[in-house]
K.L.:
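Take a look at this one; I'll ask things after.
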Protein chains: 2
Amino acid sequence: MLDATSSYNPMDRRIPVDDRTGQHIVAETARRSENRYGNRPTMKDVAARAGVGLKTVSRVVNGEPGVTPDTERRVQEAIDALGFRRNDSARVLRKGRTASIGLVLEDLADPFYGPLSRAVEEVARAHGALLINGSSAEDPDREQELVLALCARRVDGLVVIPAGDDHRYLEPEIKAGVATVFVDRPAGKIDADVVLSDSFGGARDGVAHLIAHGHRRIGFIGDMPRIHTAAERLRGYRAAMEDAGIPVEDAWMSLGVTDPQRVRKAAEDMLSGPSPVTAIFAGNNRVTVTVVRVIAERGRPVALVGFDDIELADLLQPGVTVVAQDAAALGRTAAERLFRQLDGNLVTPERIELPTRLITRGSGELPPAR
Amino acid sequence: MLDATSSYNPMDRRIPVDDRTGQHIVAETARRSENRYGNRPTMKDVAARAGVGLKTVSRVVNGEPGVTPDTERRVQEAIDALGFRRNDSARVLRKGRTASIGLVLEDLADPFYGPLSRAVEEVARAHGALLINGSSAEDPDREQELVLALCARRVDGLVVIPAGDDHRYLEPEIKAGVATVFVDRPAGKIDADVVLSDSFGGARDGVAHLIAHGHRRIGFIGDMPRIHTAAERLRGYRAAMEDAGIPVEDAWMSLGVTDPQRVRKAAEDMLSGPSPVTAIFAGNNRVTVTVVRVIAERGRPVALVGFDDIELADLLQPGVTVVAQDAAALGRTAAERLFRQLDGNLVTPERIELPTRLITRGSGELPPAR
DNA sequence: CCCGCATCTGACAACGTTGTCCAGGCTCTA
DNA sequence: TAGAGCCTGGACAACGTTGTCAGATGCGGG
């Protein structure tokens with residue numbers, strides 16, 4: 001957790017105390033900051049104003065039966081007059097469910113995760129739950145920190161896009177009843193529901209597509225193989241090459257490369273060595289974008305297939321051929337499975353794999369440069 | 001609120017009761033679902049196991065002083081053995097702050113809001129707070145529903161990208177101490193902090209840029225004028241035209257158009273009427289994308305400047321000239337202002353306007369087709 | 001007129017945590 | 001060795017809500 005740069009420190013609020021007397025210092029400012037929830041009215045206040053009992057207010061607020069219209073009206077008036085709003089924190093404490101679920105992903109700013117998150121939110125909304133988002137920034141420690149913070153809030157369920165590869169820390173939580181679904185990458189070292197895209201098959205098909213168009217020297221640029229999707233896509237690449245009987249040279253593969261600078265260098269190296277590649281398979285959307293730039297700058301056409309669709313890919317010259325995965329479907333599927341767990345329809349953990357789709361737009365159909 | 005399609009109904013959980021006896025039916029399944037938090041251990045359990053008092057456990061958990069190392073060790077062992085995790089719901093109830101803030105935006109799947117949300121999250125994280133996201137889908141009722149749900153959770157603060165134009169419903173909340181900052185569009189009918197991009201100036205500059213390159217018949221396609229940014233951008237368009245002494249024809253303006261079908265039609269109409277426009281100013285990222293498509297299909301070059309940057313805009317032929325706003329800076333600025341409110345450094349509500357930046361890439365510098 | 005019943009209402013405990021405050025044991029000093 | 005003072009630990013109330021249950025009220029019938 002980063003250091004707070006200010007005095008807002010919600011989880012460690014100390015009330016100033018006079019050293020000698022032990023009395024609280026209730027100066028005006030201190031009093032204000034001490035007012036929990038800024039002095040919001042409670043059901044007790046509403047009850048007092050309406051001249052009824054506490055429980056009657058509760059009944060009105062929750063639409064429970066057994067309140068005469070006249071009483072209900074009086075209570076409602078008091079509620080409006082005071083601007084009362086039920087405190088769901090207390091409600092949660094009493095009821096045991098928070099009606100909220102957590103989503104831990106890599107980076108909300110990544111165009112792949114926006115739609116995924118939105119899809120999860122929609123499903124949550126249909127079940128009356130709110131969504132708490134957290135970005136792990138691909139850091140396993142931060143992932144764990146986030147997940148545990150969400151568990152401390154007692155979210156009813158968790159959708160996790162893993163950054164780390166060991167999720168045993170979640171075992172007590174799952175045992176305690178926190179519904180959990182992993183998305184995009186499988187959980188590490190525990191048995192849990194997983195919703196994935198078919199990275200292996202998608203990559204294999206994409207590379208096979210290049211091979212079918214006459215390429216033999218095909219480069220692969222992808223993320224660190226410790227990331228499951230990256231490893232699977234690499235495996236797909238190798239499988240396609242092997243199926244075609246093409247031995248892969250080390251110089252054709254660049255792994256663990258993700259920031260634009262290094263992707264750029266990797267692409268340039270592949271394209272300019274003694275036996276340059278004639279086509280590149282890009283392992284994810286960010287890599288694809290950078291490779292498109294490099295190719296555009298070089299002038300000479302190079303075939304390209306990318307994993308993940310990217311916006312405007314169809315408008316480039318040539319259009320970018322991609323292996324598309326449906327981020328929204330991933331999120332929706334995962335969330336639906338989560339709520340099925342919460343409904344108690346517990347089946348054994350399952351691995352759901354969604355198909356990918358090859359979208360041909362031109363760049364993947366270029367013949368090898370001679 | 002949509003209907004829940006399942007039995008997960010966290011906020012209205014009824015326990016099955018036998019009609020005749022009034023006794024609870026405690027069949028195995030019912031018992032399980034009745035277990036709050038799935039039977040998680042509490043501090044009481046930890047205290048019993050460690051053979052210490054409840055408060056001592058609390059002290060250990062919160063790192064408060066006044067516990068001997070030996071006692072601390074015993075407590076820690078009990079915590080680990082039971083898999084105890086502090087229940088922040090109860091903590092929140094006691095402490096009065098939730099260490100969470102709410103962000104209501106239009107659509108998390110929109111590439112403009114992803115970075116904004118992420119920026120808010122980072123600031124929140126630096127202050128030890130979690131972020132609850134909600135998408136209003138540009139529906140004022142849904143916005144209000146979301147905001148009030150967040151208030152019921154007692155979020156410490158709210159960052160709102162307004163869908164509606166009347167936020168008086170927030171007055172009691174703000175009075176009760178919920179820090180609130182509006183982003184991207186101003187609040188309606190209440191006085192509150194606002195962080196905006198300079199939509200007017202940006203649009204004016206963008207249109208002036210087209211005029212400077214010789215255009216006089218310039219089209220404008222934008223969102224409904226009830227959306228503040230859309231209205232401001234239209235105003236900027238009109239101002240630039242007026243400054244140049246160019247009377248605007250109605251046929252050049254298309255307002256309230258946002259879905260691709262209708263944007264497409266609007267663009268085609270403008271480009272093919274009796275006095276077709278030679279340039280188009282697109283009011284937001286989605287409009288820009290569609291207009292780029294239409295122009296590309298027509299073959300004949302048409303000048304274009306779009307509001308909002310779009311990915312890969314530099315790689316198109318020609319590159320798309322845009323008026324860029326910094327979504328992350330909007331989010332960061334708003335969140336920082338929010339926490340400044342929470343720190344108690346309350347100043348009077350302020351309107352902060354962030355500058356936009358014209359990025360020339362080619363499409364805005366095309367001369368008018370003769 | 002009184003009883004039984006149904007309906008409405010409110011007192012009370014509980015949820016899990018933290019703030020307050022006091023008790024008991026220890027150390028240190030005179 | 002007694003007293004003062006400190007350190008540690010725990011009992012208790014409170015946060016705002018909901019579930020339980022019993023009491024109050026009103027109504028109709030015997």
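A note on names: the letters A, B, ... follow the listed sequences, proteins ahead of strands, and every chain is numbered from 1. Quick caveat, the model's predicted, so the values are computed rather than measured.
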K.L.:
Can you tell me the distance, in whole Å, between the CZ atom of B/Arg85 and the C1' atom of C/dT17?
P.N.:
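Taking atom C1' of C/dT17 as the reference, CZ of B/Arg85 is at 16 Å.
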K.L.:
Could you tell me the separation between the CG atom of B/Leu54 and the P atom of C/dT20, rounded to a whole number of Å?
P.N.:
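After rounding, the gap between these two atoms is 16 Å.
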K.L.:
Can a side chain N or O of B/Thr56 be found less than 4.0 Å away from OP1 or OP2 on D/dG10?
P.N.:
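Result: yes.
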K.L.:
May I have the distance from B/Leu93 (atom CG) to C/dG19 (atom C1'), rounded to whole angstrom?
P.N.:
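That distance rounds to 13 Å.
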K.L.:
Ignoring backbone atoms, establish whether A/Asn87 has a side-chain N or O less than 4.0 Å from OP1 or OP2 of D/dC15.
P.N.:
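Looking at the OP1 and OP2 atoms of D/dC15, neither is under 4.0 Å from any side-chain N or O of A/Asn87.
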K.L.:
How are the rings of A/Phe339 and A/His127 set relative to one another: parallel (under 30°), tilted (30 to 60°) or perpendicular (over 60°)?
P.N.:
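Rings of A/Phe339 and A/His127: parallel, under 30°.
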K.L.:
Check the interface with nucleotides 23-27 of chain C: list each N/O to N/O pair with the protein under 3.5 Å, or write none.
P.N.:
none

K.L.:
Grab the CE-P distance between B/Met43 and C/dT17 for me, whole Å please.
P.N.:
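From B/Met43 CE to C/dT17 P: 5 Å.
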K.L.:
Is there a side-chain polar atom (N or O) of A/Thr68 under 4.0 Å from OP1 or OP2 of C/dT9?
P.N.:
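For A/Thr68, the contact criterion (side-chain N or O under 4.0 Å from OP1 or OP2 of C/dT9) is met.
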K.L.:
Expressed as a whole number of angstroms, how long is the span from A/Lys55:NZ to D/dT17:P?
P.N.:
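Spelled out: NZ on A/Lys55 to P on D/dT17 is 12 Å.
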K.L.:
How far apart are the closest heavy atoms of B/Leu158 and B/Leu338, and which atoms are they?
P.N.:
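Between these two residues, the closest heavy atoms are O-CD1, 3.4 Å.
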K.L.:
Provide, to the nearest angstrom, the distance between the CG atom belonging to A/Asp88 and the C1' atom belonging to D/dC15.
P.N.:
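Roughly 15 Å, once rounded to whole Å.
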K.L.:
With the threshold set at 4.0 Å, does a side-chain nitrogen-carboxylate oxygen contact exist between B/Asp343 and B/Arg340?
P.N.:
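Answer for the salt bridge query: no.
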K.L.:
Is any NZ, NE, NH1 or NH2 atom of the basic residue among A/Arg125 and A/Glu121 found under 4.0 Å from an Asp or Glu carboxylate oxygen of the other?
P.N.:
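A/Glu121 and A/Arg125: not salt-bridged.
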K.L.:
Rounding to a whole Å, what distance do you find between B/Arg74:CZ and D/dG10:P?
P.N.:
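Atom CZ in B/Arg74 sits about 8 Å away from atom P in D/dG10.
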K.L.:
Within the 4.0 Å heavy-atom criterion, would you say A/Val61 contacts the bases, only the backbone, or no part of the nucleic acid?
P.N.:
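Counting heavy atoms under 4.0 Å across all strands, no contact is made by A/Val61.
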